[in-house]
2 protein chains.
Amino acid sequence: MDRHDLKKAGLKATLPRIRILNILEQSEKRHVSAEDVYRALLDAGEEVGLATVYRVLTQFETAGLVERHNFEGGQAVFELYEGKHHDHIVCNQCGYIEEFVDQTIEKHQHTVAKKAGFDITDHSLIIYGDCTRAKCPHYEG
Amino acid sequence: MDRHDLKKAGLKATLPRIRILNILEQSEKRHVSAEDVYRALLDAGEEVGLATVYRVLTQFETAGLVERHNFEGGQAVFELYEGKHHDHIVCNQCGYIEEFVDQTIEKHQHTVAKKAGFDITDHSLIIYGDCTRAKCPHYEG
DNA sequence: CAGGTAATGCAAAAGCTTCTCATCATATCG
DNA sequence: CGATATGATGAGAAGCTTTTGCATTACCTG
């Protein structure tokens with residue numbers, strides 16, 4: 001992703017936008033909050049205002065470059081959108097996030113919506129649980 | 001629900017708690033925000049602080065009397081818990097909410113969690129769409 | 001009904017996000 | 001390639017929802 005992709009998305013290729021795009025691509029965590037992005041920029045010695053981070057992430061969302069998710073905890077997180085829809089399973093203990101797709105669930109959501117008389121536009125499915133990774137602070141493997 | 005149910009839930013039967021319980025039961029809308037509850041109390045001429053409404057709703061949630069949902073829009077909504085789990089389908093246009101349960105979806109969530117190595121504790125499934133009720137401001141029946 | 005403990009109300013604060021507005025960078029056109 | 005108009009940025013203030021601190025008040029027990 002570079003200034004080209006920004007223009008294709010209808011956005012001027014400004015320095016802050018390019019930097020934020022880079023952060024999103026290079027981040028170790030795939031799902032980051034606006035604050036995470038802001039800190040990463042500071043750590044990289046790049047001066048970008050927090051307000052700009054929020055603005056740009058919202059523009060990216062509108063342009064379809066990123067997705068915003070509202071997991072529990074009040075803070076929105078963003079991830080690069082790479083063309084393939086997926087849902088999330090989140091660890092209550094360590095915040096670890098895994099992505100998944102289940103075709104049966106997807107199909108049944110459409111059935112449910114139709115039955116209820118809704119034209120489905122979107123959905124949000126988040127499973128919460130305790131992961132069993134050795135890294136997890138709660139895991140007593 | 002009355003003072004008895006509060007005590008069973010381990011909560012002192014105070015006036016504010018009883019009043020809030022009443023609001024939740026008598027509300028036309030099943031899903032209400034803290035602000036909604038606060039306004040309803042004021043409209044009923046009952047003086048309860050907003051902070052108390054937030055505190056009590058959180059206690060009710062902990063006690064299992066209500067469920068909290070974070071739909072889009074940033075404001076949490078609460079509904080009385082009546083023993084039966086369900087998910088929600090929300091109209092983008094008018095905010096109308098319908099409840100549903102789909103056993104296949106429920107089952108597959110557990111499968112997904114197991115495959116990912118998670119002990120599932122909870123989940124949040126919200127379908128967004130446009131409803132086709134005559135009341136809906138967007139509906140062009 | 002008196003006393004201890006817990007709940008309330010108010011106001012202040014906290015956390016996240018958006019807005020305002022003066023300044024600055026970008027794309028365009030000459 | 002440089003001037004210009006347009007749109008983006010930064011800093012701080014403001015907005016909204018929710019939480020907290022603390023003095024006062026209400027509830028339950030005996």
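All chains are named by letter (A, B, ...) in the order of the sequence lines, taking the proteins before the strands, and each is independently numbered beginning at 1. Owing to the predicted nature of the structure, the values given are computational and were not obtained by experimental measurement.
The distance from atom CZ of B:Phe60 to atom P of D:dT18 is 17 Å, rounded to the nearest whole Å. If you take CG of B:Leu50 and C1' of D:dT19, they are 11 Å apart, rounded to a whole angstrom. For the pair B:Glu72 CD and C:dT17 P, the computed distance is 14 Å after rounding to whole Å. Distance, A:Leu57 CG to D:dT9 P: 11 Å, rounded to whole Å. A straight line from CG of B:Asn70 to P of C:dT17 spans 13 Å, rounded to a whole angstrom. Atom CZ of B:Arg39 is separated from atom P of D:dT17 by 9 Å (rounded to the nearest Å). The nearest whole Å value for the distance from the OH atom in B:Tyr38 to the P atom in C:dC10 is 7 Å. What separates CG of A:Asp36 from P of C:dG15 is a distance of 16 Å, to the nearest Å.
A stem is defined here as three or more consecutive Watson-Crick or G-U pairs, each with both distances under 3.5 Å; for DNA chain C these stems are C:1-30 with D:1-30.
In summary, B:Glu47 and B:Arg19 do not engage in a salt bridge, as defined by a charged side-chain N under 4.0 Å from a carboxylate O. A salt bridge is absent between A:Glu79 and A:Arg68: the closest approach of a Lys/Arg side-chain nitrogen to an acidic carboxylate oxygen does not fall below 4.0 angstrom. Salt-bridge check for A:Glu98 with A:Arg133: failed, with every basic side-chain N at 4.0 Å or more from each acidic carboxylate O.
As judged by a 4.0 angstrom heavy-atom cut-off over every strand, B:Glu47 is placed among residues touching the sugar-phosphate backbone only. Among the atoms of the strands shown, base atoms are found under 4.0 Å from some heavy atom of B:Arg55. Across all strands, B:Arg68 comes closer than 4.0 Å to no nucleic acid atom at all (heavy-atom distances).
Comparing D:dC28, D:dT9, C:dC16 by their closest approach to the side chain of A:Arg17 singles out D:dT9. Candidate nucleotides C:dT26, D:dC27, C:dC10 were compared by shortest atom distance to the side chain of B:Ala51, and C:dC10 ranks first. Nearest nucleotide to the side chain of B:Gln75, out of D:dT17, C:dG9, C:dT18: D:dT17.
Residues A:Asn92 and A:Asp130 have side chains that bring a donor and an acceptor to within less than 3.5 angstrom of each other. Under the 3.5 Å distance criterion, with hydrogens and angles disregarded, a donor-acceptor pair is assigned to the side chains of B:His88 and B:His31. Side chains of B:His85 and B:Glu106: a donor on one and an acceptor on the other come within 3.5 Å.
Mapped onto DNA chain C by nearest heavy atom, A:Ser33 and A:Ala13 fall at different nucleotides, with A:Ser33 at the one closer to the 5' end. In terms of position along DNA chain D, the nucleotide closest to A:Arg19 lies nearer the 5' end than the nucleotide closest to the other residue of the pair B:Glu35 and A:Arg19. Heavy-atom nearest nucleotides on DNA chain D were determined for B:Lys12 and for B:Ala76, and the one closer to the 5' end corresponds to B:Ala76.
Contact between the side-chain N/O atoms of A:Arg3 and the OP1/OP2 oxygens of C:dA27 is found at a separation under 4.0 Å. The side chain of B:Lys7 places an N or O atom within less than 4.0 Å of a non-bridging phosphate oxygen (OP1 or OP2) of D:dC28. Contact between the side-chain N/O atoms of A:Tyr54 and the OP1/OP2 oxygens of C:dT17 is found at a separation under 4.0 Å. Residue B:Thr14 has no polar side-chain atom (N or O) positioned under 4.0 Å from OP1 or OP2 of C:dA7.
One hydrophobic cluster, built from ILVMFWY side chains closer than 4.5 Å, cannot hold both A:Val56 and A:Tyr81; they sit in different ones.
Remark: the backbone N or O of A:Glu72 is paired with a side-chain donor or acceptor of A:Tyr128 at under 3.5 angstrom.
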